[in-house]
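Below is a structure I'd like to ask you about.
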Amino acid sequence: MARLALFDLDNTLVDRQTALNDAVAVLCLEHGYGTTIEQRLRSELADRAHPGDFVRLRSAFGLKEPAERLWQEYVDLMAAAVTCRPEVLKGLTRLRESGWTIGIITNGASDIQRAKLVGTGLASLADGVAVSGDLEIRKPNLRLFELGATRCGVSLADGGWMVGDNPAGDIGGGRGAGLRTIWLRGRPWPDGLPPADHVVDDVTDAINLLLETE
């Protein structure tokens, strides 16, 4: 099996939820938005963020700021707020030094996801990145996994691993792509979905497992 490890980004390699809360709080404070708008924005962006979210918000509340400006401010705030723990960066560095090829497969708008990768230092540790906004598709779509492998300079036909927290998108999608899978437990597991090959509590556990894999 090829030494290919594909990782999800949000809530796998980085803590998206904490960054989201911080970014929304700062955005609303800077513009003087009240609690109602802040709660609506948190709800809209809970699972994903897209420029269209701010178009709807602006229309619903009659905001004077252009939606494009609000989106860019949000992107910048998220890039500044999101973090990747040092032990995760060190673990990925060890993987690379051990001969693993590292890819990141993430759902989301291209500009914000890539801003997160640069801001956290993950961009320099990945051999290839595939963002759903690149093709306007989302995991578990096989094409996104194929794009990720291609950008890593390898083929899914050679096998590898997928690591993530989303049962359907990461684990189901990875299995559909012919990859072995490692699930970061937390979300409810859907009925009828076959189990992951391994279940761990933290991405560092997944990295250590891969390092022990021959």
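Because the structure is predicted, anything quoted here is derived from the model rather than measured.
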Inset, instruction - Establish, from distance only, whether the side-chain atoms of Ser155 and Asp158 form a donor-acceptor pair under 3.5 Å. - result: no
Inset, instruction - Check for a donor-acceptor pair, side chain of Asp205 on one end and backbone N or O of Asp202 on the other, with a separation under 3.5 Å. - result: yes
Inset, instruction - Find the distance between CZ (Arg138) and OG (Ser132) and round it off to the nearest 0.5 Å. - result: 5.5 Å
Inset, instruction - Consider only side-chain heavy atoms of I, L, V, M, F, W and Y, link residues closer than 4.5 Å, and tell whether Leu193 and Leu142 are in one cluster. - result: no
Inset, instruction - For residues Thr12 and Asp8, report the shortest heavy-atom separation together with the two atoms involved. - result: OG1-OD2, 2.7 Å
Inset, instruction - Specify whether Trp183 and Trp189 have parallel, tilted or perpendicular ring planes, treating 30° as the upper limit for parallel and 60° as the lower limit for perpendicular. - result: perpendicular
Inset, instruction - Start with the C-alpha gap between Arg180 and Arg175, add the side-chain angles, then the distance that decides, and say whether side-chain contact (heavy atoms from CB on, under 4.5 Å) holds. - result: CA-CA 6 Å; Arg180 298 187 70 184; Arg175 182 181 296 276; over 6 Å; no
Inset, instruction - Begin from the C-alpha positions of Leu184 and Asp201 and carry the test side-chain contact (heavy atoms from CB on, under 4.5 Å) through to its verdict. - result: CA-CA 5 Å; Leu184 277 63; Asp201 292 313; over 6 Å; no
Legend entry - Asp127/Arg151 under salt bridge (charged side-chain N to carboxylate O under 4.0 Å, His left out): CA gap, chis, key distance, verdict: CA-CA 7 Å; Asp127 295 288; Arg151 289 183 172 172; over 6 Å; no
Inset, instruction - Check Ala109 against Pro51 and note the closest heavy-atom contact, atom names and distance. - result: CB-CD, 4.5 Å
Legend entry - Minimum heavy-atom distance between Ala23 and Met78, given as atom pair plus value: CB-SD, 3.7 Å
Legend entry - Linked, directly or transitively: Leu13 and Val118 (ILVMFWY side chains, under 4.5 Å): no
Inset, instruction - Inspect the surroundings of CZ in Arg56 and state if more than 12 heavy atoms from other residues, nucleotides or ligands are less than 6.0 Å away. - result: yes
Inset, instruction - Look up atom CG in Leu45 and atom CG in Asn21, then write down how far apart they are to the nearest 0.5 Å. - result: 10.5 Å
Inset, instruction - Describe, in one word, how the ring planes of Tyr33 and His31 are oriented to each other, choosing from parallel (under 30°), tilted (30 to 60°) and perpendicular (over 60°). - result: parallel
Inset, instruction - Could you tell me whether the side chain of Thr120 reaches within less than 4.5 Å of the side chain of Val82, counting heavy atoms only? - result: yes
Legend entry - Test item: Arg16 side-chain N/O and Ala46 main-chain N/O as donor-acceptor pair under 3.5 Å: yes
Inset, instruction - Could you give me the CA-CA distance, side-chain angles and deciding distance for Asp111 and Trp71, then say whether side chain to side chain donor-acceptor pair (under 3.5 Å) is met? - result: CA-CA 10 Å; Asp111 49 358; Trp71 168 253; 2.9 Å; yes
Inset, instruction - Taking the side chain as every heavy atom from C-beta outward, state whether Arg42 and Arg40 have any pair of such atoms under 4.5 Å apart. - result: no
Inset, instruction - Please round to the nearest 0.5 Å and tell me the distance separating atom CG of Leu209 and atom CH2 of Trp161. - result: 6.0 Å
Legend entry - Exercise: identify the closest heavy-atom pair between Gly133 and Ser110: C-OG, 3.2 Å
Inset, instruction - Kindly say whether Pro167 contributes a backbone atom to a donor-acceptor pair with the side chain of Arg187 at under 3.5 angstrom? - result: no
Legend entry - Expected output: side-chain Asp134 to main-chain Ala130 donor-acceptor under 3.5 Å: no
Legend entry - Reported CD1-to-CE distance for the pair Ile182 and Met162, which is rounded to 0.5 angstrom: 10.5 Å
Legend entry - Polar side-chain atom of Arg3 near backbone of Ser98 as donor-acceptor pair, under 3.5 Å: yes
Legend entry - Short N-O contact, Asp165 and Arg185, less than 4.0 angstrom: no
Inset, instruction - Mark yes or no for whether Gln113, through its side chain, and Asn107, through its backbone, hold a donor-acceptor pair below 3.5 Å. - result: yes
Inset, instruction - Give the cluster check for Leu117 versus Trp100: same hydrophobic cluster or not, with ILVMFWY residues linked at side-chain heavy-atom distances below 4.5 Å. - result: yes
Legend entry - Any donor-acceptor N/O pair, Thr181 side chain to Asp197 backbone, under 3.5 Å: yes
Inset, instruction - Check for a donor-acceptor pair, side chain of Ser124 on one end and backbone N or O of Gly121 on the other, with a separation under 3.5 Å. - result: yes
Legend entry - Heavy-atom pair of closest approach, residues Pro140 and Gly173: CB-CA, 3.5 Å
Inset, instruction - Evaluate the side-chain proximity of Leu210 to Leu95: yes if any heavy-atom separation is below 4.5 Å, no if none is. - result: yes
Legend entry - pair Leu135-Arg143: side-chain heavy atoms closer than 4.5 Å: yes
Inset, instruction - Please work out whether the ring planes of Tyr74 and Phe54 are parallel, tilted or perpendicular, with thresholds of 30° and 60°. - result: tilted
Legend entry - Validation row: Leu9, Lys116 side chains within 4.5 angstrom (heavy atoms): yes
Inset, instruction - Keeping the roles fixed (side chain from Asp76, backbone from Glu73), state whether a donor-acceptor pair exists under 3.5 Å. - result: no
Legend entry - Interatomic distance, Glu136 atom CD to Asn141 atom CG [nearest 0.5 angstrom]: 12.0 Å
Legend entry - Flag, side chain of Lys139 to backbone of Leu144, donor-acceptor distance under 3.5 Å: no
Inset, instruction - Check the hydrophobic clustering (I, L, V, M, F, W, Y; side-chain heavy atoms under 4.5 Å; chains of links allowed) and say if Val129 and Ile207 are grouped together. - result: yes
Legend entry - Nearest non-hydrogen partners of Val131 and Gly108, listed with the distance: CG1-O, 3.2 Å
Inset, instruction - Quick one: pull up NZ in Lys90 and CG in Leu125 and give me the separation to the nearest 0.5 Å. - result: 13.0 Å
Inset, instruction - Consider only side-chain heavy atoms of I, L, V, M, F, W and Y, link residues closer than 4.5 Å, and tell whether Leu63 and Val55 are in one cluster. - result: no
Legend entry - Pair Glu65 + Arg58, salt bridge at N-O below 4.0 Å: no
Legend entry - side-chain contact (heavy atoms from CB on, under 4.5 Å) evaluation trace for Leu6 with Val163: CA-CA 6 Å; Leu6 301 178; Val163 180; over 6 Å; no
Legend entry - Derivation of the side-chain contact (heavy atoms from CB on, under 4.5 Å) call for Leu122 and Val14: CA-CA 10 Å; Leu122 286 166; Val14 304; 3.7 Å; yes
Legend entry - 4.5 Å side-chain heavy-atom contact, Ile105 and Phe7: no
